[in-house]
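Whatever order the structure lists them in is the order used to number ligands and atoms, beginning at 1.
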Amino acid sequence: MKIYNTLSGRKEEFVPLQEGKVRMYVCGPTVYNLIHIGNARPMIIFDTVRRYMEYKGYEVNYVSNFTDVDDKIIKKAMEEGVDSSVISERYIAECKKDMEAMNVRPATTHPQATREIEGMLEMIGTLIEKGHAYRAKDGTVYFRTRSFKGYGKLSHKNIDDLQGGNRSLLVTGEDQKEDPLDFVLWKPKKEGEPYWESEWCQGRPGWHIECSVMSKKYLGDEIDIHAGGEDLVFPHHENEIAQSEAANGKPFARYWMHNAFLNINNHKMSKSAGNFFTVRDVSEKYDLQVLRFFMLSAHYRSPLNFSEELMEAAGNGYERIVNGVGNLNYLLENAQDDIIVEKERELLAQARGYRAKFEEAMEDDFNTADALAAIFELVKFSNTHARTECSREFLGELKKEILTLCDICGLIVEKKPELLDGDIEALIAQRQAARKAKDFARADQIRNELLEKGIILEDTREGVKWKRA
Ligand code: AMP
Ligand code: ZN
């Protein structure tokens with residue numbers, strides 16, 4: 001399996017630190033708003049990477065944080081007159097709903113910055129002890145950037161060409177820095193802001209330290225993969241490397257993966273620029289499975305422009321697979337024969353050739369565009385060879401092939417037919433009749449059948465009420 005490593009600037013064979021295991025950290029969102037589909041890109045991409053690794057038999061420990069202390073969260077909390085945890089907890093819950101709706105699996109652990117302060121104090125203390133950080137007069141603690149020899153190795157920048165002025169430098173006490181390149185590890189509180197006690201001042205962490213600390217705590221000093229959007233390469237990931245390697249004395253992450261931007265009119269989609277669609281907005285117009293398909297239709301290191309035309313195309317592609325599986329389900333329901341014949345076995349062997357193509361694409365730095373093309377070929381093959389006279393086993397195996405590959409992509413392609421209101425009411429009437437006849441087993445069976453299809457029954461004084469889950 002080859003992965004493009006930002007650190008080396010080339011594709012490398014993936015070799016995990018520990019056989020059969022993958023330790024992976026993905027920088028998550030700052031939670032002060034509903035997530036937009038730009039934020040959804042790394043979620044979908046790295047969820048797919050994780051799924052593929054698991055399919056290959058790796059045990060994946062997948063950690064993704066929520067940044068829940070930040071200027072923007074504090075600003076919103078002040079506007080609403082609530083504690084900043086009210087804002088962050090609200091948007092963490094909303095983010096988790098969006099992830100589920102996009103079929104992005106929850107991480108093994110979703111740590112939150114505000115719950116990991118102790119670890120941050122400890123790492124900052126170590127950095128000061130080792131001479132890699134210092135306390136300025138106002139209590140701010142800075143990382144002494146030039147003390148870390150490898151600074152710039154991820155973003156391929158020469159430290160002497162760098163100037164101060166990046167995101168993390170725009171804070172109070174800047175004039176007290178030894179060097180404009182030094183970045184904040186801990187900063188003094190301002191009026192009305194959340195803060196924690198520390199030996200340097202009452203304050204809160206800088207942005208970068210949380211990821212170094214959470215990664216160490218949940219995955220260990222050295223990890224296999226660290227990932228995020230390409231805007232994080234510099235300074236965030238560069239600073240994470242400096243902090244982790246300086247504190248732990250070990251190499252931090254072996255493979256650095258970065259997705260390119262999701263753009264709109266060829267500009268990066270971002271909250272601050274205001275040119276964004278939330279996942280929630282998009283879900284009103286499109287099935288989020290189509291959004292997922294759209295994200296996977298381009299290689300993750302290529303910029304992707306969001307447009308109606310491309311979403312339409314993604315919708316058509318996705319439908320093609322759904323219809324292919326629907327066709328197989330129809331044939332399976334009506335199949336006569338149980339015994340697979342030789343000719344069918346040969347066809348199945350051919351069908352598995354598409355899986356090999358799929359794997360080849362995924363193992364070439366997760367080329368999901370080519371992987372989807374392999375799924376299309378398999379669906380086309382299935383549409384050509386699946387017939388009413390085919391055996392149930394053959395049809396079932398074909399379906400399994402398609403579903404296995406789609407599941408790696410996190411695509412749900414088997415649609416359960418929706419029950420119409422009339423059908424639901426007819427089933428409720430049957431259940432009432434069964435109860436009247438004291439056939440409670442049948443009544444329960446109907447209730448469970450409905451539940452499986454997302455219909456919840458409620459027995460009230462006024463009779464049976466139902467709702468969709
Ligand atoms: P943020 O909340 O801005 O810290 O972003 C959370 C994650 O979304 C990070 O991995 C970012 O790199 C990523 N991200 C933000 N905007 C975009 C975008 N337009 N396209 C792709 N990734 C993005
Ligand atoms: Zn991070």
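- Of the options Arg204, Lys187, Gln202, a side-chain hydrogen bond (donor to acceptor under 3.5 Å, both in side chains) to Glu193 is made by Arg204 and by none of the others.
- At a cut-off of 2.8 Å, Cys211 is counted among the residues with an N, O or S atom near the Zn ion (ligand 2).
- In terms of polar-atom proximity, defined here as any N/O pair under 3.5 Å, Phe261 makes no such contact with ligand 1.
- When atom types are taken as modelled, the side chain of Ser212 and the backbone of Gln243 share no donor-acceptor pair closer than 3.5 angstrom.
- Judged by the shortest distance from any of its heavy atoms, Met43 lies outside the 4.0 Å radius around the atoms of ligand 1.
- Contact annotation: Cys27 has at least one heavy atom less than 4.0 Å from an atom of ligand 1.
- Note: an N/O pair closer than 3.5 Å links Asp231 and ligand 1 by distance alone.
- Just one of Asp365, Ile45, Asn367 meets the side-chain contact (heavy atoms from CB on, under 4.5 Å) condition when paired with Arg301; it is Asp365.
- Among the atoms of Cys27, an N, O or S atom falls under 2.8 Å of the Zn ion (ligand 2).
- Counting non-hydrogen atoms of neighbouring residues, nucleotides and ligands closer than 6.0 angstrom, the CZ atom of Phe376 exceeds 12 such neighbours.
- Taking any N or O of Gly229, backbone or side chain, at least one lies under 3.5 Å from an N or O belonging to ligand 1.
- The N, O or S atom of His236 with the smallest distance to the Zn ion (ligand 2) is NE2.
- Residues Asn5 and Lys11 bring no donor and acceptor atom of their side chains to less than 3.5 Å of each other.
- Between His208 and the options Phe183, Trp186, Phe234, a ring-ring contact (aromatic ring centres under 6.0 Å, His included) holds for only Phe183.
- Judged by the 6.0 Å and 45° rule, Lys21 forms no cation-pi pair with Tyr58.
- At least one heavy atom of Ala260 sits less than 4.0 Å from an atom of ligand 1.
- Counting atoms of ligand 1 from 1 in the listed order, those under 4.0 Å from a heavy atom of Met269 are 16 (N), 18 (C), 19 (N).
- Atoms of ligand 1 found under 4.0 Å from any heavy atom of His36, numbered from 1 in the order shown, are 16 (N).
- Near Gly228, with a cut-off below 4.0 Å to any heavy atom, the atoms of ligand 1 are 10 (O).
- In this structure, the side chain of Asn65 does not engage the main chain of Pro111 through any donor-acceptor pair within 3.5 Å.
- Considering backbone and side-chain atoms together, Pro42 places no N or O closer than 3.5 Å to any N or O of ligand 1.
- Other residues, nucleotides and ligands contribute only 12 or fewer heavy atoms inside 6.0 Å of the CD atom of Glu308.
- Compare Ala40, Pro29, Gly38 by their heavy atoms: the one nearest to atom 23 (C) of ligand 1 is in Gly38.
- Both tests hold for Lys268 against Phe261: distance to the six-membered ring centre under 6.0 Å, angle to the ring axis within 45°.
- Contacts with ligand 1 closer than 4.0 Å are made by side-chain heavy atoms of Asn259 only, the backbone lying farther away.
- Looking at Asn39, Thr30, Asn33, it is Asn39 that brings a heavy atom closest to atom 15 (C) of ligand 1.
- Considering all non-hydrogen atoms of both residues, Asn305 and Phe294 come closest at O-CZ, 3.6 Å.
- Restricting Glu240 to its N/O/S atoms, the shortest distance to the Zn ion (ligand 2) is reached by OE2.
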